[in-house]
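Heads up: the structure comes next, in structure tokens.
Any value given below was found using the heavy atoms of this structure, including those in side chains, with hydrogens, waters and symmetry copies removed.
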Amino acid sequence: MWDVKAVSAAVLGVLKTYRLTESDAHDVCQDAWLELLRAPGALRDEAKLGAWLTTTARRRAVRMITRNRRENPRPLRDAELTPGVGPTPEAVVVRAEIDRALWAAVDLLPDVHRRLMWLLAHRPELSYAQLAGELGISPASVGRLRRRCLDRLGRILEKGGWA
């Protein structure tokens, strides 16, 4: 029969390239298995189980990303919790210093990483395919590039004393 753990691990490995939390990735993988159980005739060749589940999981991941993008909730800031009260002068200075440090660190990144960070910050509505087009890379490479970029940015910020 099937090695469920191995097949699920392979599907989860593919889902890492999408912008999903770990729990969302597990939900998508589980939903793919459930779809197989609900429609047993959908899989005609048992040897292609991994490919079928991966394709199904990718489609569900894209749907989840699209749905989450539409919802796009953001946490309230302290100033928004107290009507009529704006941020304190200290908070404004701290925020400006954090922003300055972040963008100074971004300036130290290689060109493609800088462009990706700029696009993620200023054009968050872009899909992976659109980001790939802007950067001149394969859509499948965007997630890995984003991860490498954020890791490198984190190391730069840590060296600069930012936790």
Side-chain angles (χ1 to χ4, degrees), residues 1-81 95 98-99 102-103 105-106 109-158 162-163:
M1 199 70 190
W2 303 317
D3 183 354
V4 173
K5 284 187 178 184
V7 174
S8 292
V11 171
L12 288 169
V14 170
L15 291 175
K16 283 184 181 181
T17 62
Y18 291 82
R19 292 181 184 182
L20 297 175
T21 64
E22 186 176 345
S23 61
D24 283 345
H26 284 278
D27 286 348
V28 167
C29 183
Q30 184 178 17
D31 286 347
W33 279 102
L34 286 173
E35 189 169 325
L36 176 65
L37 294 174
R38 287 184 187 127
L43 181 63
R44 294 188 184 124
D45 182 359
E46 288 189 21
K48 295 182 180 180
L49 171 69
W52 188 93
L53 283 171
T54 300
T55 300
T56 303
R58 284 177 192 245
R59 289 178 182 151
R60 288 186 172 275
V62 169
R63 273 187 248 140
M64 180 177 280
I65 291 166
T66 303
R67 185 185 70 233
N68 289 347
R69 185 174 295 136
R70 276 188 238 126
E71 292 173 5
N72 201 12
R74 71 173 177 78
L76 292 175
R77 296 187 181 114
D78 290 340
E80 295 171 323
L81 295 174
R95 178 83 253 161
I98 290 170
D99 289 348
L102 175 64
W103 289 106
V106 169
L109 295 172
D111 182 54
V112 70
H113 289 194
R114 280 194 314 271
R115 290 189 348 225
L116 176 60
M117 286 291 94
W118 189 90
L119 290 168
L120 290 172
H122 298 289
R123 301 197 48 211
E125 74 281 358
L126 293 179
S127 67
Y128 268 31
Q130 292 167 322
L131 284 169
E134 291 281 336
L135 298 171
I137 62 174
S138 160
S141 300
V142 172
R144 289 188 302 273
L145 177 65
R146 180 178 167 267
R147 177 78 274 145
R148 282 194 309 271
C149 178
L150 291 172
D151 288 346
R152 183 178 255 171
L153 186 59
R155 287 192 301 272
I156 291 170
L157 289 169
E158 283 179 15
W162 295 91

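Taking both residues in full, the closest heavy atoms of T17 and V14 are given as OG1-O, 2.8 Å, listed atom of the first, atom of the second, then distance. Here the shortest heavy-atom pairing between A25 and L12 reads O-CD2, 3.5 Å. Taking all atoms of both residues into account, the shortest heavy-atom contact from A105 to L157 is CB-CD2, 3.7 Å. Listed here is the closest heavy atom pair of L53 and V7: CD1-CG1, 3.4 Å. Closest non-hydrogen pair, A32 versus W52, comes out as O-CZ3, 3.7 Å.
Note that CG of L36 and CG of L49 are 6.5 Å apart. Values are rounded to the nearest 0.5 Å. Note that CE of M117 and CZ of R114 are 12.5 Å apart. Values are rounded to the nearest 0.5 Å. Remark: T55 OG1 to R59 CZ distance equals 6.0 Å, nearest 0.5 Å.
In terms of the salt bridge (charged side-chain N to carboxylate O under 4.0 Å, His left out) criterion, R58 has no residue partners (sequence neighbours excluded). Here Q130 pairs with L126, S127 under the side-chain contact (heavy atoms from CB on, under 4.5 Å) rule; sequence neighbours left out.
The pair R115-D111 counts as a salt bridge, with a side-chain nitrogen and a carboxylate oxygen less than 4.0 angstrom apart.
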Which side-chain N or O atoms in residues 133-146 pair as donor and acceptor under 3.5 Å with protein atoms at least two apart or in another chain?
residue	atom	partner	partner atom	Å
S138	OG	A140	N	3.2
R144	NH1	A140	O	3.3

